[in-house]
Structures are given as C-alpha cells and as structure tokens.
Enquirer: 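If you scroll down you'll find the structure; I have some questions about it.
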Amino acid sequence: MSIDLALVGATGLVGEAILEQLAHRDLPVGELFVLASENSEGKSLRVGKKSLQVQKAQDFDFSRVQLAVFAAGAAVSQELAPRAADAGALVLDLSPAFRYEPDVPLLVAGVNDEQLGAARERNIVAAADAATVQLLLALKPLMALGDLTRVTVTQMQSASSSGRVGVERLARQSARLLNGLEASEGPESQYAFNMLPMAGRRQDNGYTSEELKVMLEARRVLGQPQLALDVSCVQVPVFHGLSQTVVVQGTMPITLAQAEACWRDAPGLQLDADDEADGASPVRQIRADLGVRIARVREDIDGQGDLSFWTVADNIKTGAAYNAVLLVEKLLKDYL
C-alpha cells in the first residue's frame, strides 16, 4: 500500500537532497507534494522522471497526505506542523522547533528507533540535528563496550550549516577577496579564508546555540541526561561537510582494536585506512557514498583509557536528508 507525502521546504538545500534520495529509493510513496514559500510557488522541480510544481505551503491542505516532512526551519514548522498533525498527517520535523518537547520523540535513525512507538502521541516526530546524527552514529556502537563517562567534541562547521544563505555568503566573500576587495561592504563577519571561534548565537553561559544543541540533543537521544558532554564549534571556510574531533572516556578503557571492531559492524560508518591525507576530508566525503567516515583513531598517549578520533560527513546529504529518509522508511514500514 502506498501513502501520499508532502515535503515542506522542497526548494532548500536539505529539501533538494531529500527529493534526490527519494527518487533513488524504492519507497511506497503515491502522490508527492512539493511545498515551499510564496517566493517559490509555481516553480518546477525534477524528481526522478517526474516534474512537480511547487505549491505554497501555507495554502496546502494537509489532510491530503498521510506523512508530512518539514525541512523549512523552525518558524515554518511552528506555524504549520501542528496544523498538519491536527489534519491527521504524521509529521517528521527536521527543525529545532519540537526537539525538546517531552511528548515528541527525538530520533537518530539506527540509534533510538524504538522511540518511534511514541510518534502518535502528538503526530509529530523530531529528527535530530545533522551534527548530533554524525556524533551519535559514531558513539552508539562504542556503548556496547560499557557506559561512556565523558565525551569532548570540537566541531568544524561549514557554510552549508547555515543553509543556502551560508553557502552564497562564503562564495560572495571569497570572490570579493580574490578580486582585491574587502570581504563585505558592511559590518558582516569575514567567513572566507578565515576561522571564527564561535558558530551560532552566544548564550548567557558562554556556550553558543550550536554547541548547546548538540549537547542537549545527544543526551536526550541516548537517554543519558547526566552524560558529561562538552562541545566547541568553530566556523570554517568550507562550503559543505561537517567534521568533528571526538575524545571519548568510558567506565573501562577503550582500545583501538575494540573501537574498530564495533564500528566495522555498524551501519552507516566507514573506517578510513589513513593512507590518504585527505581521505577523510569534507571535500572528499561529499563526493563519496552516504555515511560517516571515521579516521585518525588513536589511544591516548598517557594510557588513561581515552580514545580520540575524527569523523566527517556531508551535513546536508547525510546528517539531515539521509537521516530523514531512513526515518521515513521506518515510519512507512511500521507506523503508517
């Protein structure tokens, strides 16, 4: 049996990636509605062999679909997701709008799929942020060795973490600098050929919104609210891809061999042989298959039992879109 599906935010970077993956997967989707803002209304989007016309999300009747995927940001989700849920559609929301609501399950595909059983409480399911997805796909297999006691993450965020606006800003500033101009005509921070020690909005406690997002989401997805988890985010001049250096401490020392054995059997992970200096770089990874690549794995030199490693993934195609499509598959199979 097929179901009808609506995608809100179909013209954004994540929306486009979702459509691309839906076209290549054998999902029982009947009619597909592509929705966006008034600015994109009437545009045509190619999905596989079909050409679909973009409709205005605010005017759409969500009772026409059984599943609605929202990839248009928190403001749109806060306005339209409850309307879709009240109309009977099951909502999968990729924005932060509902991630901290206690009666809305927060999901990373393959990590806490059992939480999908609560999807019908409000007819809304929240997908975790791309950075959280990337981190937890690497951490979850290690938990088979014992509880984690401390996790420290340094995260390098690319321009696409801010969507199309971020990508266009980096391109514009790069072009200006290469032509001997200032990066910006106004007071805008320089993102091109520069690193900024803060990504996201600074909060009263000194952390940024991007850092707290990963910390709060990871604890909730893992069901470990007391996990010692510290995240620092750095904005880097890369168009696509998300990189994380991770240091893990467990109740028992984690050896290199143990970690690699856990990761080797885990879906969605690729172990790098470290024979290429740029093998696990954002530029190489966005050309590769979907998944999270792990490299630079090493035990701490002081013998304290810590394990350090590097992960990289395409934050748009893997962390956001692929996680969403996997959740759609599970919802279609077991809950619709």
Side-chain angles (χ1 to χ4, degrees), residues 7-21 34-46 54 56-57 70-77 94-96 129-131 133-134 154-203 208-211 213-214 231-244 278 280-288 290 312-322 324:
L7 174 60
V8 182
T11 58
L13 291 180
V14 174
E16 289 177 351
I18 291 174
L19 290 176
E20 180 182 351
Q21 294 182 34
V34 289
L35 312 178
S37 69
E38 186 177 12
N39 294 334
S40 299
E41 186 178 9
K43 291 183 178 178
S44 293
L45 294 180
R46 195 76 182 171
V54 177
K56 184 180 176 182
F70 280 74
V76 173
S77 292
L94 276 63
S95 83
D129 183 73
V133 172
Q134 181 170 327
T154 302
Q155 181 166 295
M156 278 64 71
Q157 296 199 187
S158 65
S160 61
S161 295
S162 299
R164 197 181 302 279
V165 171
V167 172
E168 291 175 350
R169 178 178 56 202
L170 180 58
R172 181 180 65 253
Q173 289 192 358
S174 298
R176 288 180 61 88
L177 289 168
L178 289 171
N179 282 281
L181 302 173
E182 293 292 327
S184 175
E185 294 180 350
E188 184 178 58
S189 298
Q190 181 178 328
Y191 290 83
F193 305 104
N194 193 20
M195 291 198 301
L196 303 179
M198 187 168 68
R201 300 179 304 278
R202 184 183 175 92
Q203 307 297 301
T208 70
S209 55
E210 291 295 304
E211 293 160 351
K213 177 167 57 178
V214 177
V231 179
S232 297
C233 290
V234 181
Q235 189 75 45
V236 296
V238 175
F239 284 101
H240 295 280
L242 182 74
S243 303
Q244 296 171 333
D278 68 339
S281 70
V283 173
R284 286 287 294 273
Q285 186 62 17
I286 63 172
R287 301 172 186 160
L290 296 173
V312 65
D314 187 323
N315 51 305
I316 299 297
K317 293 181 179 180
T318 299
Y322 187 48

Enquirer: Closest approach of Ala183 and Leu177, non-hydrogen atoms and distance?
Expert: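 Result for this residue pair: N-CD2, 3.7 Å.
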Enquirer: Ignoring hydrogens and angles, tell me if any N or O in the side chain of Ser160 forms a donor-acceptor pair with the backbone of Phe239 under 3.5 Å.
Expert: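 Yes.
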Enquirer: Side chain to side chain contact (heavy atoms under 4.5 Å, CB included) for Ser174 and Phe193? Distances and angles first, verdict last.
Expert: CA-CA 7 Å; Ser174 298; Phe193 305 104; 4.1 Å; yes
Enquirer: List the atom of Ser189, the atom of Leu196, and the distance in Å for their closest heavy-atom pair.
Expert: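 Scanning both residues, the minimum pair turns out to be CB-CD1, 4.2 Å.
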Enquirer: Going by the rule salt bridge (charged side-chain N to carboxylate O under 4.0 Å, His left out), which residues pair with Glu182 if we only count those two or more places apart in sequence or in a different chain?
Expert: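 None.
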Enquirer: Mind listing the closest non-hydrogen atom pair of Ala36 and Val54 along with its distance?
Expert: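 Nearest heavy atoms, Ala36 then Val54: CB-CG1, 3.7 Å.
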Enquirer: Taking atom OG of Ser232 and atom CE of Met198, what is their separation to the nearest 0.5 Å?
Expert: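 So the OG of Ser232 and the CE of Met198 are separated by 12.5 Å.
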Enquirer: For the CD atom of Glu38 and the CD atom of Glu41, what is their distance to the nearest 0.5 Å?
Expert: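 Reported to 0.5 Å precision, the distance equals 6.5 Å.
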Enquirer: What do the steps show when you test Gln155 against Gln134 for side chain to side chain contact (heavy atoms under 4.5 Å, CB included), and what is the final call?
Expert: CA-CA 11 Å; Gln155 181 166 295; Gln134 181 170 327; over 6 Å; no
Enquirer: What distance do Leu13 atom CG and Ser161 atom OG have between them, rounded to the nearest 0.5 Å?
Expert: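 Here the rounded value is 10.5 Å.
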Enquirer: For Gln157 and Leu242, what are the C-alpha separation, side-chain angles and deciding distance, and is it a side chain to side chain contact (heavy atoms under 4.5 Å, CB included)?
Expert: CA-CA 5 Å; Gln157 296 199 187; Leu242 182 74; 3.8 Å; yes
Enquirer: With the side chain counted from C-beta on, respond yes when His240 and Lys317 share a heavy-atom pair under 4.5 Å apart, and no when they do not.
Expert: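 Heavy-atom side-chain distance check fails, nothing below 4.5 Å.
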Enquirer: To the nearest 0.5 angstrom, please state how far the CD atom of Gln235 sits from the CE atom of Met195.
Expert: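 CE of Met195 is found 11.0 Å from CD of Gln235.
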Enquirer: Please say which of Gln190, Glu168, Glu188 ends up in a side-chain hydrogen bond (donor to acceptor under 3.5 Å, both in side chains) with Gln173.
Expert: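 Single side-chain hydrogen bond (donor to acceptor under 3.5 Å, both in side chains) partner of Gln173 among Gln190, Glu168, Glu188: Glu188.
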Enquirer: Per the side chain to side chain contact (heavy atoms under 4.5 Å, CB included) rule, which among Val14, Leu35, Leu19 passes with Leu7?
Expert: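 Only one of Val14, Leu35, Leu19 forms a side chain to side chain contact (heavy atoms under 4.5 Å, CB included) with Leu7, namely Leu19.
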Enquirer: Enter the distance from Ser243:OG to Met156:CE here, rounded to the nearest 0.5 Å.
Expert: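 It is 5.5 Å, given to the nearest 0.5 Å.
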Enquirer: Is it the case that the side chain of Asp314 and the backbone of Gly241 share a donor-acceptor pair, with hydrogens and angles ignored and the cut-off at 3.5 Å?
Expert: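 No; judged by distance alone, with no hydrogens or angles, the pair does not exist.
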Enquirer: Which pair of heavy atoms, one from Ser95 and one from Gly73, lies closest together, and at what distance?
Expert: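 Residues Ser95 and Gly73, closest heavy atoms: CB-C, 3.5 Å.
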Enquirer: Please report the closest heavy-atom contact between Pro96 and Ala74, naming both atoms and the distance.
Expert: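 The answer is CD-CB, 4.0 Å.
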Enquirer: To the closest 0.5 Å, what do you measure between CD1 (Ile18) and CD (Glu20)?
Expert: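 Answer for the CD1-CD pair, Ile18 versus Glu20, is 11.5 Å.
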Enquirer: Within the side chain of Thr208, is there an N or O that forms a donor-acceptor pair under 3.5 Å with the backbone of Glu211?
Expert: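 A pair under 3.5 Å: yes.
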Enquirer: Is a donor on one side and an acceptor on the other found under 3.5 Å between the side chain of Asp129 and the backbone of Ala131?
Expert: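 Side chain of Asp129 to backbone of Ala131: a pair is present.
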Enquirer: Of all heavy-atom pairs between Leu170 and Ala159, which one has the smallest distance, and what is that distance?
Expert: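 Residues Leu170 and Ala159, closest heavy atoms: CD2-CB, 3.8 Å.
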Enquirer: Any side-chain heavy-atom pair from Ser162 and Arg169 closer than 4.5 angstrom?
Expert: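 A side-chain contact exists here, since the closest heavy-atom pair is under 4.5 Å.
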Enquirer: Side chain to side chain contact (heavy atoms under 4.5 Å, CB included) for Thr11 and Asn39? Distances and angles first, verdict last.
Expert: CA-CA 10 Å; Thr11 58; Asn39 294 334; over 6 Å; no
Enquirer: Can you confirm whether Arg164 is buried at CZ, in the sense that more than 12 heavy atoms of other residues, nucleotides or ligands lie under 6.0 Å from that atom?
Expert: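 More than 12 within 6.0 Å, yes.
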